Protein chains: 2
Amino acid sequence: MKHQITIKDIANKLGLSTSTVSRALKDHPDISPKTRTAVKELAGLLGYRPNRIALNLRNNSTRTLGLIIPEIEHYFFSAIINGIEEVAYKNDYSVMVFQSNESYKREVINTQAVLTNRVDGVLVSFSKETRDFSHFQRLIDNEIPVVFFDRVTEELQADQVVADDYQGAFLAVNHLIEKGCRRIAHFAAPQTLTIGKSRLSGYHDALLKHGIPYNPSLVVLADTFETAKKAAHEILRKTERPDGFFAVNDMSAIAIIKAARELGIRVPDDVKVVGFENSKSSALIEPELTSVDQFGFELGREACLLLLKRLKDDDDVSEFKPVKKVIKTKLVVRGST
Amino acid sequence: MKHQITIKDIANKLGLSTSTVSRALKDHPDISPKTRTAVKELAGLLGYRPNRIALNLRNNSTRTLGLIIPEIEHYFFSAIINGIEEVAYKNDYSVMVFQSNESYKREVINTQAVLTNRVDGVLVSFSKETRDFSHFQRLIDNEIPVVFFDRVTEELQADQVVADDYQGAFLAVNHLIEKGCRRIAHFAAPQTLTIGKSRLSGYHDALLKHGIPYNPSLVVLADTFETAKKAAHEILRKTERPDGFFAVNDMSAIAIIKAARELGIRVPDDVKVVGFENSKSSALIEPELTSVDQFGFELGREACLLLLKRLKDDDDVSEFKPVKKVIKTKLVVRGST
DNA sequence: CTCAAAATTTCAACCGATTGCAATTGTTTT
DNA sequence: AAAACAATTGCAATCGGTTGAAATTTTGAG
């Protein structure tokens, strides 16, 4: 990088001290109008920009947020990043993005990276592998505000922002039942993730409400396209095949639709399918997928707003009370049901 | 943030000077083994981590890269970010992400933000609106290495990484012709973007090769789902409708397939469609979309590698020769042709 | 036991900006 | 004209770490 114009350059050229220049630039009342204009003029002329790093050092703040996320290449997460970046941008914060790639080990390294980079706060959605949360506890111990979103845990004293997974699942399954389904399968996420548990429990309670017995053999762990495709093939070949599917995400739901087509089973006539995410893809496939919108953009926005709020009132650390923000979901009905 | 352990804390506790501690921590030969181990031990005990900001200030380097991108919420770009983050991670760099949201004005602000944040280098794919490139020139004037990817320009002396758009388009249209199409429409991107021009020219030359006259009325500006859907409806209703489509991206291609279905036109029997991107969605729709894979992940990797190379040999600034790296594309044939 | 060489440690400046306090200049009052 | 006061400006420390050069201590040879 080229030599950047510093306050010292301006001071020298005008025969002033750096302190005077500094004060002149920020309209300190002590400075005479004459020198103030002179300083500002020259600063403009030379294209002076304050050195953020020097300010970071002095203020012990970087105006930067860390974002630790499993995979960027996933509609839901990219929507969240979008929401986060939007809020950060409006509040003059920058965002550093770190991917864990669903790897616990890499996630630990990511937490070290955010510490090293001295970010002011961190937004986290942890990996599927993560069981131990001590690396996040280390952030909290350093009094770096952390907000968890989507993938959250009760093990830590930290803010959370989640979609209303239980409500979404309940809506979805209720909808299937009202459409006439009686034998509804659930393609679930790992039960180590809160979203896995909540969505299963919404599924369970919706069945209960309509007096349909809960049948564990209809619940399968399948939260990716590949696993879901395989599982759907198996379960659809059984003699007593399901007449409805509630999938934990859109990719799994789409895999089910594809599997059904391959087996000559009609959607929605023979089998109805509901996904969770309301991704772009859900409107592209045929039939279009009924899905629970979990408003990733809003979720990201809320998470970032909450974090910025924490950064503002960071004084009352002693009486810290974690907040759990729940974003309502919405069922978007399309051709697959 | 809590008080962080500094080199001074260690120095005080051991009755040493900060310089000794500093040198001890980095195995300077001047330091006696005794003090070295003592310092390292205490540092480990207290959980000392060097303050990156202080180092940034001294070294005038942040080990941070800036990334300016139109929209994260787009498969191709998120794949690119993935590739960039991967390379940055392996080389111990962090990535700051800024979205322009396809807005020129916001993009200008983004370039200011990367300047303010004193990133070591910048990766850019500019917005559709951008005609004037002086904000990027300002980065170059500040001798901040800039690498453009996907959306590039010849107006600036800067490195570029692009997919082989011409080749990809040629492959696609050639494929359509070999499959029997004679009246091929092209849904194009704005001709202000190099990708728009290159893909059109590949389309043009493939027609030429097979002796099919170029017909401007078959070229339509339509690079989003909505515009393409509308345009497809219009063109498919004409008496002399096309028998093949080459779309500038997958979203447009999928819109064409949907429009055809709505009009009762069969794909691929009546009309064949090829997209560009090979996004996840292309394998989800029915029929699956034939598409040109532009390897977003690799493109991001290459762009980042090129930038890091520039950062390494930043000495020979005088004899700067911009590099243009072209990533070969590949036609992935599926059910839509 | 002395003195120089070697080993070890400290001093001080620096990166760029901020800020309390001291110092300088200019103005007014008596 | 001197004292008192206000208006400006400069000094120096600070943030945390690095590094050339100086200062100190240790070691070993004569």
Side-chain angles (χ1 to χ4, degrees), chain A residues 1-40 42-44 46-64 115-120 142-144, chain B residues 1-40 42-43 46-64 115-120 142-143:
Chain A
M1 184 152 49
K2 205 175 64 174
H3 167 76
Q4 297 282 325
I5 303 297
T6 73
I7 230 171
K8 202 188 275 176
D9 297 324
I10 299 175
N12 287 340
K13 293 218 179 184
L14 293 176
L16 291 170
S17 72
T18 59
S19 19
T20 304
V21 174
S22 170
R23 280 188 259 253
L25 286 171
K26 42 180 45 185
D27 292 321
H28 193 287
D30 277 4
I31 304 303
S32 72
K34 213 186 310 165
T35 46
R36 189 189 324 160
T37 48
V39 166
K40 286 196 171 178
L42 186 60
L46 297 178
Y48 167 78
R49 338 187 95 247
N51 186 325
R52 174 84 138 244
I53 304 174
L55 293 175
N56 288 347
L57 180 58
R58 178 157 237 279
N59 304 331
N60 199 29
S61 147
T62 52
R63 279 200 98 72
T64 297
L115 265 178
T116 306
N117 281 290
R118 293 290 210 275
V119 298
D120 291 351
N142 277 289
E143 286 172 24
I144 297 177
Chain B
M1 184 152 49
K2 206 175 63 174
H3 167 76
Q4 297 282 325
I5 302 297
T6 73
I7 230 169
K8 204 188 273 175
D9 297 322
I10 298 175
N12 287 341
K13 293 218 182 187
L14 293 176
L16 290 170
S17 72
T18 58
S19 19
T20 304
V21 174
S22 170
R23 280 189 255 254
L25 287 170
K26 42 180 45 185
D27 293 322
H28 193 286
D30 277 3
I31 303 302
S32 72
K34 213 186 308 168
T35 47
R36 188 188 324 160
T37 48
V39 166
K40 286 195 171 178
L42 186 60
L46 298 178
Y48 166 78
R49 339 186 93 247
N51 186 324
R52 174 83 139 247
I53 304 174
L55 293 177
N56 288 347
L57 179 59
R58 176 158 241 279
N59 304 331
N60 198 30
S61 147
T62 52
R63 278 200 97 74
T64 297
L115 266 177
T116 308
N117 281 290
R118 293 288 209 276
V119 298
D120 291 350
N142 277 289
E143 287 173 23

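Naming convention: chains lettered A, B, ... in sequence-line order (proteins, then strands); numbering from 1 in each chain. Every value quoted in this text rests on a predicted model; they were computed, and no experiment measured them.
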C:dA17 OP1/OP2 closer than 4.0 Å to side-chain N/O of A:Lys26: no
Note, A:Leu46 side chain near A:Ile10 side chain (heavy atom, < 4.5 Å): yes
Contact under 4.0 Å: A:Lys8 side-chain N or O vs C:dC15 OP1/OP2: yes
Sugar-phosphate only, base, or nothing, as touched by A:Ile53 at under 4.0 Å among non-hydrogen atoms: nothing
Check: B:Arg23 side chain, D:dG20 base, donor-acceptor under 3.5 Å: yes
Separation of atom CG in A:Leu57 from atom P in C:dT18, rounded to whole Å: 12 Å
Atom pair distance, as rounded to whole Å: NE2 in B:His28 and P in D:dT19: 8 Å
Atom pair distance, as rounded to whole Å: CZ in A:Arg118 and P in D:dG16: 9 Å
Nucleotide C:dT10, atom P - distance to CG of B:Leu14 in whole Å: 10 Å
Nucleotide C:dG20, atom P - distance to CD1 of A:Ile31 in whole Å: 13 Å
With B:Val39, the side chain to side chain contact (heavy atoms under 4.5 Å, CB included) member among B:Leu25, B:Thr20, B:Ile7: B:Leu25
Under-3.5 Å donor-acceptor pair between B:Ser19 side chain and C:dC11 base: yes
First of B:Asn51 and A:Ser17 reached from the 5' end of DNA chain D, by closest nucleotide: A:Ser17
B:Thr35 vs C:dT8: side-chain N/O to OP1/OP2 distance below 4.0 Å: no
Gap between atoms NZ and P, on B:Lys34 and C:dA7 respectively (whole Å): 15 Å
Residue list, salt bridge (charged side-chain N to carboxylate O under 4.0 Å, His left out) with B:Lys40, at least two apart or on another chain: B:Asp27
Minimum side-chain heavy-atom gap A:Arg118-A:Asn56 below 4.5 Å: no
Nearest-angstrom distance from the residue atom CG of B:Asn60 to P of D:dG17: 18 Å
Any B:Leu42 side-chain heavy atom under 4.5 Å of B:Lys13 side chain: yes
Phosphate contact (D:dG16 OP1 or OP2) by B:Tyr48 side-chain N/O below 4.0 Å: no
Along DNA chain C (nearest heavy atom to each residue), the more 5'-positioned of B:Thr20 and B:Ala54: B:Thr20
Nearest-angstrom distance from the residue atom CZ of A:Arg58 to C1' of C:dT18: 4 Å
